[in-house]
Structure formats: C-alpha cells, structure tokens
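Notes for the one structure printed next.
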Amino acid sequence: MRPDKPAAADHVDVDHIAEAARLERTAGLYPEDAEQLLLQAAAHLELAGARDRATTLYDSLLSPSAPQPPSSPLLIRALKASNLWEYGHEAEARAIIDGIRASAPRDPAPWVIVAESLESHDELEQAHDTFTEAVTLLLPPQTQDAPYATHPLLFGRHRVRRLMGADHDAWDTLADHVHTTRATVSLDELHDPKRIWSLGSENPAELRAEISRIQAELGSYREALSRPFPVAILHWPSTELTELLTAYPSLTSEYPSHEAHLTTIESSLRELAASGTPNLGVVTGTVPSYEAFAASEGASPEDSSLLPQYATTLAARGRAVGWPPEAGAECWCGSGRIYSVCHGAAQPSV
C-alpha cells in the first residue's frame, strides 16, 4: 500500500476534494507535520481525479522555497512520477523513475512506488529489475528474514515474476517465508495470473474459493493497517534537551543529564518488554513541537505530566521508530552506531 494512501479511501462517500482542502489547512497549523499531511492531501486529489493539483502539491514540497526541506524527497519524487504517468506525462515520469533508481535510496518506499508504477503500465521487465535492484541493495545476502518495511519489495517482485512465468529463486523463497508467518494463503495462490479468470467463472465452487482467497488477502492488509501505534518512550537529542532545560529549568528533575536520559529510555523499554508489553517504540521530540503541543492542551511546557502525553501524540502521528531496531540497524539514540554495539550492547535479549 502506498504510504500516503488515505485510510478513508475505501469509503465511496468520501469527498476527496474537501478532505484534501482540510488536510492542507491542517498542514498550515502544524508545520512539523506538513509533509505527511500534504502527501495525504495529494493522495485524495489523485483519487478525485485532480491529478494536476496533486502534482502541484508534490512540487511545493520539493521546492527550494519550501519552509523546510522534505524528509523523504525521493519518496515524494516517486509519488509524483506515479501520478504524472497516470495522466499522460509518461516521458517525465520515466525520467524521474530513472533518477530515483540511479540514486539507490536506502528507504524501501520509493522503490515500491516506482516498481509498482512500472508494473501497472505493463513494464514487467523494468518492474522486475527495479524490485530486484531494491532487494539486492537493502537485504543482506543469505538472509533468513527481512525487515517489515522490505516486505512489499519481496511480495511485489514475487508477483511480477509470477506474471512473467519465472521459476522461484532465493528471493521468492524468502518472500514465501515472511508471507506465511502472517497469512494462510500462499503467495503463489495470491499472485496466480489465472485468478482473474476465476472471477468470471459461473462455477459456484470456483467463485467461493476465489472469495476465500480475496478475504485472506484483505485480512493481511487489514492486519498491517490496524497495527496499533507503539507504546512510545520520548527521546530528546542532546541539543534539544539543552534547549528544553534552558527554557524550562524545572524539568531538570526529569532529565538530570543527557546520558542518564538515554540510559533511562533503554532500561524502560526493556522493562516494558519483559512485562509482556508489545509494539514498543521511541519518538524524538523537539522543543518547538513540544511547546505547540502544550499550547494546544492549554498547559505550560513546565508541566512534566505533559511529557508522556506528548510522546503518545507523536506516536499516533506515525513518528515512532520501532524498538528494538532490526538486526544491523542504527541505534535509536542517533549516535550513528549499530544498535548492538550501542545501547543494545551487553543487554539481555528480549
């Protein structure tokens, strides 16, 4: 699923133009969330058929005159390319897609968007090559598992290879493995090109079987979409914590030092994990965002009871990073070091 797809898109009575306008107004009120809000607004415009207006939003996010640089410029370019191709700007879309592939992003999302765009326009060879480039870049050789964010790459590659009639390879085997951990219908069934013919069958047994397969597929999507946001612990980078304590000295009792703050985060997460609490995460705060949250609550930023509420709000906005990090991933603290040799070092497994 596209990361910008509005959750309400499945409801036929949604006024997508009105919803896009509401999101644009909200983006003006909450600049720290403007990028995600405007991406969702653009998705609503695409659903409404106002693709030129969606392109204008993508361009505004990528503009050098934007209030702040986008956090995911390659993702925005990928969404723009996909949208452009849908209303006749194929040459420009292809040029953007070529640029994204040459940039070799480390984020799976842009790869998924451009590969699926190629696939939807029957460019199966190019789609296959794009999916393959992505999994080769983002997954280590001989891996026995894959981070959740890379699953759409594996599944998309598997789907395209089924359409091409290609035999299973090691990546297809991995795709089967990660799929069967959360679904009862195999990928080969879900991606069978002949399934489309079942939908036109007059045989009730074939139709019932196809309905069962579709329900299973929808169940997997709903499971992914309905995952609750994490129980999140608030993390302040060193510069933000210094600014926070300078402005609000009374919070020093909560944060005696930055080193102690980081240690407390890790120990708290491990205690929660040991108690059986699922879906843990870390959210990173900023002073302007925290002050805006306090103002929205009609409270003073010095009120320490706001801190866990602020963390929950950030998590609900999709700002949480899952804990513990994936194997080989950087530590949540922002040090740039691998988690296993940073805050994950010499700790009991969870």
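For residues 119-128, the pairs satisfying salt bridge (Lys or Arg N to Asp or Glu O under 4.0 Å) are Arg94-Glu123, Glu119-Arg159, with sequence neighbours left out.
With rounding to the nearest 0.5 Å, the separation of CD1 in Ile233 from NE2 in His261 is 10.0 Å. One finds the CG atom of Asn83 at 12.5 Å from the CZ atom of Arg53 (value rounded to the nearest 0.5 Å). Atom NE2 of His258 and atom OG1 of Thr239 lie 8.0 Å apart (nearest 0.5 Å).
We find that Arg157 and Asp169 are joined by a salt bridge, their nearest charged nitrogen and carboxylate oxygen being less than 4.0 Å apart.
Ring geometry, Tyr290 versus Phe293: the interplanar angle falls under 30°, so the pair is classed parallel (tilted spans 30 to 60°).
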**Request:** Begin from the C-alpha positions of Glu32 and Thr286 and carry the test side chain to side chain donor-acceptor pair (under 3.5 Å) through to its verdict.
**Result:** CA-CA 10 Å; Glu32 70 276 11; Thr286 66; over 6 Å; no
**Request:** Begin with the C-alpha distance, continue with both residues' side-chain angles, and end with the deciding distance and a verdict on side chain to side chain donor-acceptor pair (under 3.5 Å) for Tyr339 and Glu266.
**Result:** CA-CA 11 Å; Tyr339 173 69; Glu266 182 69 23; 2.6 Å; yes
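Although no hydrogens or angles enter the test, the distance criterion places no donor-acceptor pair under 3.5 Å between the side chain of Ser82 and the main chain of Leu79. Ser63 contributes no side-chain N or O that, together with a main-chain N or O of Asp59, makes up a donor-acceptor pair within less than 3.5 Å.
For His158 and Phe155, the gap between ring centers reaches or exceeds 6.0 Å.
Listed here is the closest heavy atom pair of Ala41 and Glu24: CB-CG, 4.1 Å.
Looking at Trp332, Trp323, Tyr310 one by one, the single match for ring-ring contact (aromatic ring centres under 6.0 Å, His included) with His235 turns out to be Trp332.
The salt bridge (Lys or Arg N to Asp or Glu O under 4.0 Å) test applied to Asp33 returns Arg317, Arg319, not counting sequence neighbours.
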